[in-house]
Amino acid sequence: LTSRAYARDFNEVKALGSLTSPHRTADQTRAAIFWQAQPGALYGGVMRSLSTRYGLSTAENARLFAMVALAAADGAIACWKDKYDWKFWRPIDAIHGAASDGNRATTADTGWRPLFDPSTATVPALSTPSFPEHPSGHTCTSGATVHALGHFFGTDTIAFDVVSSRFPGQARHFERFSDALEEVEDARVWGGIHFRTADVQG
């Protein structure tokens, strides 16, 4: 908590992830909310569209879906073990309690709220997850998923669209699997629920 790296993470999410941030763009706000959906549903649609585009056989589909599902499950299992080993606080608690963190580069704001607050207009309502912060569950499963997709297709450079239940029929487009993962890492900071280190390490 007393490191420069922690202060950098703290001040980034405090500025970009707040409910009323003047620094976060409209597209960043949209991306944060877009990715707050169940990863299996998000990537399931991607796999179905790629299967159709590349004309995968039944056996190839079985291999693709099994690889991704097992990788994502392994990622989630390891992630939740780490979460309860570290039991690290979420940005909302860190920002409210910064006066006690021993870091001169952080400043408490007891009125700070994240973008992922019930007052943000979206269905279902947004909130800070009730389990430990580090590492990020979404980036654990997203990282495992996109690396499995890249392994299956033999390349990272495949263009695709992702559709979210948050914005039905309004896809986000990516030129590479890794581009989507990078946006997920950013989105968790923009939503105000994760420090960047948790996203990258997830």
Side-chain angles (χ1 to χ4, degrees), residues 8-9 12-13 15-17 21-76 78-79 114-116 120 122 126 134-202:
R8 186 168 54 247
D9 275 6
E12 179 188 31
V13 72
L16 290 174
S21 174
H23 308 290
R24 188 181 58 243
T25 69
D27 187 62
Q28 289 169 339
T29 298
R30 187 177 185 83
I33 296 169
F34 179 96
W35 286 104
Q36 186 59 7
Q38 209 281 330
L42 292 166
Y43 297 114
V46 172
M47 288 188 289
R48 288 190 299 274
S49 67
L50 292 176
S51 171
T52 300
R53 186 194 311 172
Y54 290 99
L56 299 184
S57 68
T58 301
E60 288 169 330
N61 273 316
R63 181 168 174 262
L64 169 63
F65 279 78
M67 283 176 63
V68 171
L70 286 169
D74 281 350
C79 188
L115 172 64
F116 283 15
T120 298
T122 186
L126 295 166
H134 184 93
S136 162
H138 207 315
T139 62
C140 285
T141 55
S142 290
T145 296
V146 301
H147 284 94
L149 286 167
H151 182 74
F152 179 89
F153 288 102
T155 181
D156 179 53
T157 311
I158 291 182
F160 64 99
D161 292 338
V162 183
V163 177
S164 170
S165 57
R166 295 283 178 175
F167 299 101
Q170 300 177 44
R172 290 185 76 81
H173 179 79
F174 302 93
E175 292 295 323
R176 294 176 176 81
F177 293 131
S178 56
D179 290 345
L181 180 57
E182 185 176 329
E183 184 169 273
V184 173
E185 291 173 4
D186 290 335
R188 312 313 274 167
V189 174
W190 299 333
I193 60 167
H194 274 297
F195 298 107
R196 185 165 297 279
T197 295
D199 296 333
V200 172
Q201 292 185 356

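Only this structure's heavy atoms are used, side chains among them; waters, hydrogens and symmetry mates stay out. Start at 1 with the first residue, then count along the sequence.
Of the possible donor and acceptor atoms, none in the side chain of Arg166 sits under 3.5 Å from a partner among the backbone N and O of Ala37. Using a distance-only test at 3.5 Å, with no hydrogens or angles considered, no donor-acceptor pair links the side chain of Asp161 to the main chain of Ala171. A donor-acceptor contact shorter than 3.5 Å is absent between the side chain of Thr120 and the backbone of Phe116.
With sequence neighbours excluded, the residues forming a salt bridge (charged side-chain N to carboxylate O under 4.0 Å, His left out) with Glu12 are Arg196, listed by chain and number. With sequence neighbours left out, the side-chain contact (heavy atoms from CB on, under 4.5 Å) criterion links Val46 to Leu50, Phe160, Val162. Legend: residues meeting side-chain contact (heavy atoms from CB on, under 4.5 Å) with Thr29, ordered by chain and number and at least two apart, are Arg24, Ile33, Leu115. Applying the side-chain hydrogen bond (donor to acceptor under 3.5 Å, both in side chains) rule to Gln38 yields no partners; only residues at least two apart in sequence or on another chain are considered.
Considering every non-hydrogen atom in both Ser178 and Asp156, the closest pair reads OG-OD2, 2.6 Å. Between Gly192 and Pro114 the shortest heavy-atom distance is O-CB, 3.5 Å. In terms of heavy-atom proximity, Gly191 sits nearest to Ala32 at N-CB, 3.8 Å. Contact record, Ser142 with Tyr43: OG-OH, 2.7 Å, taken as the closest heavy-atom pair.
Within the model, atoms OG of Ser136 and CD of Gln201 stand 11.0 Å from one another, a figure rounded to the nearest 0.5 Å. Interatomic distance, OG1 of Thr155 versus CG of Leu149, reported as 11.5 Å (0.5 Å rounding). Atom NE2 of His134 is separated from atom SG of Cys79 by 8.5 Å, given to the nearest 0.5 angstrom. Within the model, atoms CZ of Arg188 and OG1 of Thr139 stand 8.0 Å from one another, a figure rounded to the nearest 0.5 Å. The structure places OH of Tyr54 at 12.5 Å from CD of Glu60, a figure rounded to the nearest 0.5 Å. With rounding to the nearest 0.5 angstrom, the CG atom of Leu42 is 10.0 Å from the CD atom of Gln36.
A heavy-atom distance below 4.5 Å is not found between the side chains of Val146 and Glu182.
A salt bridge links Asp27 with Arg172: at least one charged nitrogen is closer than 4.0 Å to a carboxylate oxygen.
Within the structure, ring-ring contact (aromatic ring centres under 6.0 Å, His included) pairs that include any residue of residues 178-202 comprise Tyr6-Phe195, Phe88-Phe195 (at least two apart or interchain).
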message: If you apply the rule side-chain contact (heavy atoms from CB on, under 4.5 Å), what do you find for Ile193 with His138, and how did you get there?
response: CA-CA 11 Å; Ile193 60 167; His138 207 315; over 6 Å; no
Return all side-chain donor-acceptor pairs below 3.5 angstrom for residues 61-75, not counting sequence neighbours, or 'none' if the list is empty.
residue	atom	partner	partner atom	Å
Asn61	OD1	Ser51	OG	2.6
Asn61	ND2	Ser51	OG	3.1
Asn61	ND2	Ser57	O	3.3

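Classification of the Phe167-Phe34 ring pair by plane angle, with boundaries at 30° and 60°, yields parallel.
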